[in-house]
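Since the structure comes first, as structure tokens, the remarks are kept for the end.
This chain uses plain numbering: 1 for the first residue, then up along the sequence.
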Amino acid sequence: QVQLVESGGGVVQPGGSLRLSCVASGFTSQSYVMGWFRQRPGKEREGVFCSNNREGFTWYQDSVKDRFNISRDSAKNMVVLQMNSLKPEDTAVYYCAAGDGTHAYTRRVVFNKCPRADFSAWGQGTQVTVSS
């Protein structure tokens, strides 16, 4: 069973930066996909980015692609989401998510823009608040 441990988050002023980290364990396949979702107040959970491990194919939500970027450490099964130029509308609970399976599955998840239903493991969530 895949388990995810998140860290990071907090309160920051508009224009500031925060970093979220997620470490996964328990993958049963050599191929996996990891990503971050967020749930803003009164909204449905939405994908922020996801990436597969073997090729590094990555999808970002349009509203964050010029401000957020990721780094990966495949040896540690870790992804880090660096969030820059944060805006009040980025305020949300952020969730790490992961899934493993065939290589074709991981590519399909990224190419389909990280559908929530394709992720089988979820972190507990971490609050990010952007406020002056």
Side-chain angles (χ1 to χ4, degrees):
Q1 185 175 355
V2 177
Q3 294 188 322
L4 303 173
V5 177
E6 303 162 340
S7 60
V11 181
V12 66
Q13 292 186 340
S17 298
L18 283 174
R19 188 166 68 174
L20 305 180
S21 299
C22 178
V23 178
S25 61
F27 287 131
T28 58
S29 170
Q30 295 295 316
S31 297
Y32 61 84
V33 58
M34 293 183 71
W36 284 94
F37 289 72
R38 68 184 180 185
Q39 189 159 13
R40 295 183 280 182
K43 303 285 188 178
E44 296 218 347
R45 197 173 298 187
E46 60 183 0
V48 175
F49 103 94
C50 71
S51 178
N52 72 346
N53 68 311
R54 290 182 60 178
E55 292 141 320
F57 291 144
T58 302
W59 171 84
Y60 288 95
Q61 185 191 107
D62 285 345
S63 69
V64 307
K65 64 173 53 178
D66 294 328
R67 301 182 292 121
F68 294 6
N69 56 75
I70 66 157
S71 57
R72 288 180 298 269
D73 185 334
S74 295
K76 297 179 180 178
N77 292 338
M78 181 172 73
V79 291
V80 175
L81 180 66
Q82 178 67 42
M83 304 184 294
N84 302 316
S85 302
L86 282 161
K87 304 175 181 180
E89 52 263 42
D90 294 317
T91 294
V93 179
Y94 283 72
Y95 297 89
C96 182
D100 64 341
T102 65
H103 179 48
Y105 149 79
T106 68
R107 296 182 73 185
R108 174 175 57 78
V109 171
V110 178
F111 291 161
N112 288 341
K113 303 179 182 180
C114 317
R116 193 172 71 186
D118 282 343
F119 290 82
S120 56
W122 293 85
Q124 76 280 7
T126 184
Q127 178 70 46
V128 170
T129 301
V130 184
S131 174
S132 56

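- Scanning all heavy atoms of the two residues, the minimum distance from G125 to E6 falls at N-OE1, 2.7 Å.
- No hydrogens or angles considered: nothing links the side chains of R54 and T106 as a donor-acceptor pair under 3.5 Å.
- Between C22 and W36, the closest heavy-atom pair is CB-CZ2, 3.6 Å.
- Atom NE2 of H103 sits about 9.0 Å away from atom CG of N53, to the nearest 0.5 Å.
- In this structure, S25 OG and M78 CE are separated by 13.5 Å, a value rounded to the nearest 0.5 Å.
- More than 12 non-hydrogen atoms from other residues, nucleotides or ligands lie less than 6.0 angstrom from CD of Q39.
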Worked check of side-chain contact (heavy atoms from CB on, under 4.5 Å) between T28 and Q1: CA-CA 8 Å; T28 58; Q1 185 175 355; over 6 Å; no
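- The line from OG1 of T58 to CZ of R72 is 4.5 Å long, rounded to the nearest 0.5 Å.
- Other residues, nucleotides and ligands contribute more than 12 heavy atoms inside 6.0 Å of the CD atom of Q124.
- Exactly one of L20, V130, V48, V12 qualifies for a side chain to side chain contact (heavy atoms under 4.5 Å, CB included) with M83. That residue is L20.
- The closest donor-acceptor contact from the side chain of S29 to the backbone of G101 lies under 3.5 Å.
- Donor-acceptor pairing under 3.5 Å is lacking for the side chains of S31 and N52.
- With rounding to the nearest 0.5 angstrom, the CZ atom of R116 is 6.5 Å from the CH2 atom of W122.
- The structure places CZ of F49 at 13.0 Å from CZ of R38, a figure rounded to the nearest 0.5 Å.
- Taken together through direct or relayed side-chain contacts under 4.5 Å among Ile, Leu, Val, Met, Phe, Trp and Tyr, V80 and Y94 form parts of separate hydrophobic clusters.
- Among all heavy-atom pairs drawn from L4 and G123, the shortest one is CD1-N, 3.7 Å.
- Cluster membership check: V64 does not share its hydrophobic cluster with W59, using side-chain heavy-atom separations under 4.5 Å among Ile, Leu, Val, Met, Phe, Trp and Tyr.
- There is a path of hydrophobic side-chain contacts, each under 4.5 Å, that joins V33 to F111.
- Inter-residue side-chain proximity for T102 and R107 is flagged as unmet; no heavy-atom pair is nearer than 4.5 Å.
- Across P14 and S132, no two heavy atoms sit closer than the pair CD-N, 3.7 Å.
- Between A92 and Q127, the closest heavy-atom pair is O-NE2, 3.4 Å.
- Ring centroids of Y60 and F68 are separated by 6.0 Å or more, keeping the two rings apart.
- For the residue pair S85 and R67, the shortest heavy atom distance occurs at O-NH1, 3.0 Å.
- For the atom pair CD (Q61) and NZ (K65), the distance works out to 10.0 Å, reported to the nearest 0.5 Å.
- Using a 4.5 Å heavy-atom cutoff, the side chains of E55 and V110 are not in contact.
- Comment: R40 does not engage E89 in a salt bridge, judged by the lack of any side-chain N to carboxylate O separation of less than 4.0 angstrom.
- Other residues, nucleotides and ligands place more than 12 heavy atoms under 6.0 Å from the CD atom of E46.
- Two residues are said to be in side-chain contact when any heavy atoms from C-beta on lie closer than 4.5 Å; Y32 and N77 meet this criterion.
- Judged by distance alone, with hydrogens and angles left aside, the side-chain atoms of S51 form a donor-acceptor pair with the main-chain N or O of F57 at under 3.5 Å.
- Ring orientation note: the planes of F119 and F37 are nearly perpendicular, at an angle over 60° on the 30°/60° scale.
- By the rule that hydrophobic residues join a cluster once side-chain heavy atoms approach within less than 4.5 Å of another member, V128 and L81 end up as members of one cluster.
- In the hydrophobic clustering of ILVMFWY residues, with side-chain heavy atoms under 4.5 Å counting as a link, I70 and V109 come out apart.
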